[in-house]
Amino acid sequence: MKTTTKFSTLHEATNQFLYSSLSQSLSSASTTKQLHRIHSIIITLGLEKSSFFSGKLISKYAQFKDPKSSFSVFHQVSPTANVYQWNSIIRALTHNGLFTKALGFYGKMRKLDVLPDKCTFPSVINSCAALVDIEMGQVVHENVLKMGLGSDLYIGNALVDMYARFGCMDEALKMFDGMPERDVVSWNSLISGYSANRYWVEALKFYNMSRMEGIMPDSFTVSSVLPACGGLVNVKEGELLHCLVEKIGLHGDVVVSNGLLSMYFKFNRLVEARRIFYEMVVRDTVSWNTLICGYSQMELFKESIELFMLMVNRFKPDLLTITSVLRACGHLRDLEFGKFVHEYMKKGGFQSDVTADNILIDMYAKCGDLLASREVFNRMMCKDSVSWNSMINCYIQHLNYDEVLKLAMIMKVDMKVDSVTCVMLLSVSTQLADKELGKEVHCDIIKLGFDSDVIVNNSMVDMYAKCGLINDSLKVFENMKTHDRVTWNTIVAACVQSGDFTLGLRMINQMRTEGVMPDAATVLGILPMCSFFASKRQGKEIHGCIFRFGFETDVPTGNALIEMYSKCGSLKNSIQVFDRMKVRDVVTWTTMISAYGMYGEGGKALRAFEDMKATGVVPDHVTFVAIIYACSHSGLVEEGLACFDQMQKDYNLEPRIEHYACVVDLLSRSGLITKAEDFINSMPLKPDASIWGSLLSACRSSGNILVAERVAERILEQKSNDTGYYVLASNVYAILGKWDQVRMIRKSIRARGLKKDPGCSWIEIKRRLYVFGTGDKFFEQFEEVNKLLGIISGLMAKEGYVADLRYVLHDVEEDEKRDMLCGHSERLAIAFGLLNTEPGTPFQIMKNLRVCGDCHTVTKYISMIMQREILVRDANRFHLFKDGTCSCGDHW
DNA sequence: CTAGGGTTAG
């Protein structure tokens, strides 16, 4: 009896020794080989079905990413599995990403009436969170409460995390607040939830609260808060965190360092980002990806590609690396390298990925290879909305709008239309100025419920404005719940473009009262207003803002500045901006050419045109309008005709009606009326009012009344909506003394519901704008102005001036005609300028219509008699009057 | 039980 006891004790002792040493080697197994060896020992000893070893084995196989083996171990015990074994298999499946299966096992376990314990739930909750299975999540939460496990710390943490992943931060916070006990993981779960849902402010708030409560942050805390600092561009808090990382020694953690790297890129702080990367002891794929992507975000695309090459040699890139570098290829229009990366992808055995394919579509589109884009698109096994949108975007870039609409139709049927699709279709409507299409898209937007999306609304505001429906634009604007900076910029530009400067200014004020800071785009929107009023002072102020913002060398901004200065009478400043620009596009050159044109500098315009071609910028339709116009205003007939030829022969551009109008202008302005008429008769397009208008105004200034009358008839046949042409025709009849015809035209303007633009001129003196209408009598200093004009009249008569009464368009007596000429708005503005500026100093006035011939002559006299340089900007161009001559050389 | 990097549009 005693021996047996001894023996049994010994046996137990041996067993105990075996157990503990086996358990130890199982825990410390670090290779699959070791694990398999220990597994076979366990089998040999018949311990495989023991609760302890089966559970351990299941967990261990899960650690080695071998859920199949976990499953086979569990399978052998499953009929009689206890809660420990069930917990092990559920945890194993969860850790290997098999969430649906994990939940399935939880279901089976409950069916078999195995009672879960507090170790069961964290994994189950995890699986619900990962699958975003809200319904199941709530059921599990109820189970937890029923079992009285509601105050368990680990389960509570898992629940906070789950609700955060569902995007329900309110629920997550409620859960968090209800926890009787909290640790750093609870705080981390809450903070990372806010961070992942991009609630940056809350993430930072709760981080600071955790610090107040004396919680010591760990690597998880830091890597959740860093994105918030980046997202808010909160440099101060970011740097504090960086210090903290160094102080408590977290910089060895890859995730933390990667977070710092990403944050510094968001701050555009390349030097720090680089330092972090080079000082990292351990780097992983994410580190490289963050670096490569960061360089791309800072538009350092070449460097980003170089880094990719460096990485390939020492580290296997993943799909995210590939997509980052493909993006860089797209921006660089580097088709060759793009194809290389595509090949690398095919050979590297990357499994097909929707995002990667989407970027391929975009990359090929940016590189101009539409067919390659389409091939990728066609071969995609599953396409998401982004795929379709990217493909549509390709066709938009290639101006193939038919295909855009075709794809959009299919998307509509497949219910794939999202807000981005709508924005792109709105942009198509804008580009085609197609109101009907725009309205159709607007209807779809309402039907699909995208009408609360800010970007969509901004696009609608822009679309309606650019389609000429400013009232619809304002209606959309007013219905919007929130206005962001882009909204304001869009509506300001819309008002300015529609000519409602008062409303534009009011919008700017409202924007400022709502605390929205203007940016480069705001400024771009109001520059045309300065151009219109020729307010160089305000233009310069805005230029100052642009300079402070650092956008001066931005291409569209530079272009707008050149235009503004040229329209404000300072060709010199235009040239200065032009010279400072490092990159010049076709618009830059074209704007500069038309600037030269407006100042009658045809020779310089031609020089710029040659320089432009020499630098490889290809002229477009607008460039040719500008250059022919410039020739026309300088009397360079041969050169202008040569450009018209070149446009068709060298650049394969089909001349549009505006080009024909320019050529008619070019010929007739130089007195070649017959040639101009022949040209009109030979043109393939049907001449419209603009063509006849060019010819007519030239006839009038050259006194060719016979042709003029014939042309006036043709103009009236056009039934144009532009009152300018009616006025032009009526002028001809006025000169001929055919007052019945004049009255008839006035009547027909009224009958068509049109209004003649009243002539007005203005001048800016000491930051104030003074506006004068024709025949105005009620303005400051009216008496003085009238007296001065009388004195000047006397002096002019002595110099031999005779009033040109043909410019009076009313059937009145000659004396009265003389008075009417004196009441022309430009003359009032000039007299006012003479009175209110220092003697001998130059000044500038503006007129909304073309300057009248008699006033042109009078201004020449005034510049001589009063010894003043007077710059006059009319609707077309500049006239610089000096010593009795005008810079336009009477070409205007 | 908790963390990081990628795509289309105004």
Side-chain angles (χ1 to χ4, degrees), chain A residues 91 94 118-119 121-123 125-126 129 152-162 164-165 183-193 195-196 217-227 230 250 253-263 265 284-294 296-297 317-327 330 353-363 365 384-394 396 418-428 430 453-463 484-487 489-490 521:
Chain A
R91 197 184 314 130
T94 306
K118 65 177 191 178
C119 296
F121 286 106
S123 306
I125 295 170
N126 257 329
D152 182 86
L153 176 63
Y154 281 30
I155 294 177
N157 289 346
L159 283 168
V160 171
D161 178 63
M162 180 186 79
R165 276 174 213 266
D183 64 356
V184 66
V185 179
S186 328
W187 286 95
N188 288 346
S189 303
L190 188 72
I191 294 168
S192 82
S195 187
D218 62 6
S219 61
F220 288 86
T221 326
V222 173
S223 46
S224 301
V225 188
L226 285 175
L250 294 175
D253 188 300
V254 209
V255 182
V256 168
S257 291
N258 290 344
L260 283 170
L261 187 60
S262 170
M263 180 189 74
F265 271 120
D284 64 4
T285 318
V286 178
S287 324
W288 281 96
N289 289 350
T290 311
L291 189 72
I292 292 172
C293 183
S296 273
Q297 273 160 7
D318 66 1
L319 270 167
L320 268 76
T321 328
I322 301 278
T323 53
S324 288
V325 78
L326 280 175
R327 228 186 102 208
D353 179 81
V354 187
T355 305
D357 285 340
N358 291 346
I359 301 183
L360 274 172
I361 294 175
D362 189 59
M363 183 273 293
D384 61 6
S385 291
V386 180
S387 324
W388 286 88
N389 290 339
S390 301
M391 200 58 233
I392 284 186
N393 198 27
C394 295
I396 291 181
D418 67 0
S419 64
V420 178
T421 322
C422 295
V423 170
M424 290 194 301
L425 292 177
L426 286 170
S427 131
V428 169
T430 308
D453 182 305
V454 189
I455 299 181
V456 169
N457 277 298
N458 291 345
S459 307
M460 288 201 286
V461 171
D462 191 51
M463 182 275 292
D484 69 1
R485 205 196 332 240
V486 180
T487 320
N489 291 346
T490 311

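As a basis for the values below, the full set of heavy atoms in this structure was taken, side chains included, without hydrogen atoms, waters or symmetry mates. Chain A is the first sequence line, chain B the second, and so forth, proteins listed ahead of strands; every chain is numbered from 1.
- The residue A:Asp484 sits close to a base: some heavy atom pair falls under 4.0 Å.
- In this view, A:Phe265 and A:Tyr295 satisfy the ring-ring contact (aromatic ring centres under 6.0 Å, His included) rule, not counting sequence neighbours.
- If you take CG of A:Leu426 and C1' of B:dT8, they are 15 Å apart, rounded to a whole angstrom.
- Of the candidates B:dG6, B:dA9, B:dC1, the closest approach to any side-chain atom of A:Ser419 belongs to B:dA9.
- Counting only heavy atoms from C-beta on, A:Asn188 has its side chain closest to B:dT2 among B:dG6, B:dA3, B:dT2.
- Proximity note for A:Phe220 (side chain, C-beta onward) versus B:dG6, B:dT2, B:dT8: the nearest is B:dT2.
- Looking at heavy-atom distances under 4.0 Å, A:Asp284 makes contact with a base.
- When the P atom of B:dA9 is taken as reference, atom CG of A:Asp462 falls 15 Å away, rounded to whole Å.
- Summarising the geometry, the separation between CG on A:Leu326 and C1' on B:dT8 is reported as 15 Å, rounded to the nearest angstrom.
- The distance between atom CD1 of A:Ile191 and atom C1' of B:dT2, rounded to the nearest whole Å, is 10 Å.
- Judged by distance alone, with hydrogens and angles left aside, A:Asp353 brings a side-chain donor or acceptor within reach of the base of B:dG6, the pair sitting under 3.5 Å.
- Comparing B:dT7, B:dA3, B:dT2 by their nearest atom to the side chain of A:Val185 picks out B:dT2.
- In this structure, of B:dG6, B:dA3, B:dT8, it is B:dG6 that holds the atom nearest to the side chain of A:Ala356.
- Under the side-chain hydrogen bond (donor to acceptor under 3.5 Å, both in side chains) criterion, A:Ser385 pairs with no residue at all, not counting sequence neighbours.
- In this structure, of B:dG6, B:dT2, B:dA9, it is B:dG6 that holds the atom nearest to the side chain of A:Thr355.
- Judged purely by distance below 3.5 Å, without hydrogens or angles, the side chains of A:Asp284 and A:Ser287 pair a donor atom with an acceptor atom.
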Exercise for review: Could you give me the CA-CA distance, side-chain angles and deciding distance for A:Leu319 and A:Thr355, then say whether side chain to side chain contact (heavy atoms under 4.5 Å, CB included) is met?
Suggested key: CA-CA 9 Å; A:Leu319 270 167; A:Thr355 305; over 6 Å; no
Point to revise | Secondary-structure notation, DNA chain B, from Watson-Crick and G-U pairs under 3.5 angstrom (| other strand) | key: ..........
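- Take A:Asp357 and apply the salt bridge (charged side-chain N to carboxylate O under 4.0 Å, His left out) test, not counting sequence neighbours, and it matches no residue.
- One atom, CD1 of A:Ile396, and another, P of B:dT8, lie 14 Å apart when rounded to the nearest Å.
- A:Asp418 and A:Thr421 share a side-chain donor-acceptor pair at under 3.5 Å.
- Per the geometry, CG belonging to A:Leu190 stands 11 Å off C1' belonging to B:dT2, to the nearest Å.
- Counting non-hydrogen atoms under 4.0 angstrom, A:Asp357 reaches nothing in the nucleic acid.
- Here the side chain of A:Arg327 is nearest to one of B:dC1, B:dT8, B:dT7, namely B:dT7.
- Between B:dT8, B:dA9, B:dA3, one nucleotide has an atom nearer to the side chain of A:Arg165 than all others, and that is B:dA3.
- A:Ser186 comes within 4.0 angstrom of no nucleic acid atom, judged by non-hydrogen atoms across all strands.
- In this structure, A:Leu159 places its CG atom 13 Å from P of B:dC1, rounding to the nearest Å.
- Not counting sequence neighbours, the partners of A:Thr285 by the side-chain contact (heavy atoms from CB on, under 4.5 Å) test are A:Asn289, A:Met311, A:Phe315, A:Asp318, A:Thr321.
- Side chain of A:Ser223, nearest nucleotide from B:dA9, B:dA3, B:dT2: B:dA3.
- Comparing B:dA3, B:dT2, B:dA9 against the side chain of A:Asn126 picks out B:dT2 as the nearest.
- Qualifying salt bridge (charged side-chain N to carboxylate O under 4.0 Å, His left out) partners for A:Arg165, counting only residues two or more places apart in sequence or in other chains: A:Asp161.
- If you measure from atom CG of A:Asp362 to atom P of B:dG6, you get 16 Å, rounded to the nearest angstrom.
- Defined by atom type and a distance below 3.5 Å, a donor-acceptor pair is present between the side-chain atoms of A:Asp484 and A:Thr487.
- Among the heavy atoms of the strands lying under 4.0 Å from A:Val454 is at least one base atom, whether or not backbone atoms are also near.
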